[in-house]
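Note on naming: letters A, B, ... go to the chains in the order of the sequence lines (proteins, then strands), and numbering restarts at 1 for each one.
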2 protein chains.
Amino acid sequence: MPSTPASLVPRAPLTLSLAEQIAARLSERIVTGIYAPGRRIMEQAVAEEFVVSRGPVREALRLLEKDGLVTILPRRGALVTNLSIGEVEEIFDIRAMLNGLRDRLIAEDAEREHMLPALEAEVANLARCARDPALGDEYVETVSRIDRLLTGALGNRRLKTILDSLMLQTLRYRQLGLSTPARRKQSVQSWQKLVKVIREGNGEEAERIARARVTASRDAAIELLRRGTRKTAVPGKPSGSD
Amino acid sequence: MPSTPASLVPRAPLTLSLAEQIAARLSERIVTGIYAPGRRIMEQAVAEEFVVSRGPVREALRLLEKDGLVTILPRRGALVTNLSIGEVEEIFDIRAMLNGLRDRLIAEDAEREHMLPALEAEVANLARCARDPALGDEYVETVSRIDRLLTGALGNRRLKTILDSLMLQTLRYRQLGLSTPARRKQSVQSWQKLVKVIREGNGEEAERIARARVTASRDAAIELLRRGTRKTAVPGKPSGSD
DNA sequence: GTCAAGAAGATTGTTGACAATCATACAAAA
DNA sequence: TTTTGTATGATTGTCAACAATCTTCTTGAC
């Protein structure tokens, strides 16, 4: 997947600035895990690698900060953000609310007919993946596609920007909530219900369903994170009272 | 009011960088209306005014863009963002959801006792202002303080950042929704109910109340904006289908 | 009179060097 | 042994100049 940062999407399609190109490359490395959380990113090194000066690199790092992928500390530079369990929980909580708003707006949108066929096809695909435990990765991929489909259909540009950003940040944790066949079965039922109420134009119910699904996903992810007892240090935010 | 941009808050308290200082100054001018929506901000001019080079100015403009106060167009520079009615509506919709989340989290927070006295005092102040039609401005100011009080008490840093940013963007439109004594009376009742359910720890009801209040505020503001038929052009976003 | 092509000016994008600041290592004293 | 002070090296912050690009004005043809 390309996975361009949210902040790059609304800009000019042609002639991406150097900063944007560099941000896209770095973003890919962070999201795929090539750059591990906590890793320090130094301007000079990046500048030398891409054969540019430090100016565009600085700007690229600010773009990544805007997407929450790096944390910039004054006089100390940029670190790949490492989310604590609490912060993952926070992001899921926000997503629960805003995904609810998104799906309500879509269900109440008169133009929603245009995307219903694609949506239904993807959900059917989802059901297929849910039946076969071996298709776990494809399941997660399909959910991502559905999410992009819905967010992309959104007229509210600010909501779209925020959701894209939150999506990017939780990409690494998303699969956690869908790691068991039982969870996937629960998930696919939720999506099927959602499609149904969107078709009916029932915004309130769409919101309720979306919210319940993200909350369930959050609880499953948190549970697994706690079990795993991952490194949860938050680089650069020593004021945390965890 | 200082009105520092949201993005400046979590940074180092001492030794603000030049970019941050410039951003704070420009932010003040935009929020207070000295820089009108649609106005072009040119790097060289700002650099000369503050007697710095264009580097920090560039960075300051990116910070302001992060807060939604300016819109940066590739190869064309920065403009003070001018929100269309539709965009104001969008922001209010997002705020309705996230204010709901905020107040629910606060109502469910065991530590909420610490801020309840201050909150109750401010709401009492609010009731006083609501009785006197001449105190309209003070009413709006008090609502802003209450908002900051609640957002400041939030443990969820990401939610706080997003809310601060949305708050900054809608500052100019906020008073619109509170311009009539009738609306203020409605508003103060909502706040009183909110304090009550927060004290009781009733998160669900807190969410419902907050959401209803912001939605009502949105409808009132939109109504007035439509009546006023203000300039609603969105600089730099010609793709708008208004 | 209208439209198109081109030149001039203005503005942003990029660069490399310099200055300020911070982290680390080492040494000296308690 | 621990702590404090200092020096050194590394890294970010800032600057001024150059390059690329866009806008605007002028000129010319139809």
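- Salt bridge status for B:R58 with A:E59: present, with a side-chain N to carboxylate O gap under 4.0 Å.
- To the nearest angstrom, C1' of C:dT14 lies 9 Å from CZ of B:R75.
- Across the protein-nucleic acid pair, B:L61 atom CG and C:dT11 atom P stand 14 Å apart, rounded to whole Å.
- More than 12 heavy atoms of other residues, nucleotides or ligands lie within 6.0 Å of CG in B:D219, so this atom counts as buried by the packing criterion.
- A straight line from CZ of B:R62 to C1' of C:dT14 spans 12 Å, rounded to a whole angstrom.
- Counting only distance, with no hydrogens or angles, the side chain of A:T151 and the backbone of A:K160 share no donor-acceptor pair below 3.5 Å.
- Residue A:G55 is classed as a base contact, given a heavy-atom separation below 4.0 Å to a base.
- At least one donor-acceptor pair under 3.5 Å links the side chain of A:R40 to the backbone N or O of A:R76.
- For A:L18 and D:dA19, the CG to P distance is 16 Å, given to the nearest whole Å.
- Heavy-atom nearest nucleotides on DNA chain C were determined for A:V52 and for A:R76, and the one closer to the 5' end corresponds to A:V52.
- Rounded to an integer number of Å, the gap from B:E43 CD to C:dT14 P is 11 Å.
- Counting to the nearest Å, the C1' atom of D:dT12 and the CD1 atom of A:I41 are 15 Å from each other.
- Spacing between atom CZ of B:F50 and atom P of D:dA16 amounts to 17 Å, rounded to whole angstrom units.
- Judged by closest nucleotide on DNA chain D, B:P56 is the one of B:P56 and B:R40 placed further toward the 5' end.
- Per the geometry, CZ belonging to A:R54 stands 19 Å off P belonging to C:dG13, to the nearest Å.
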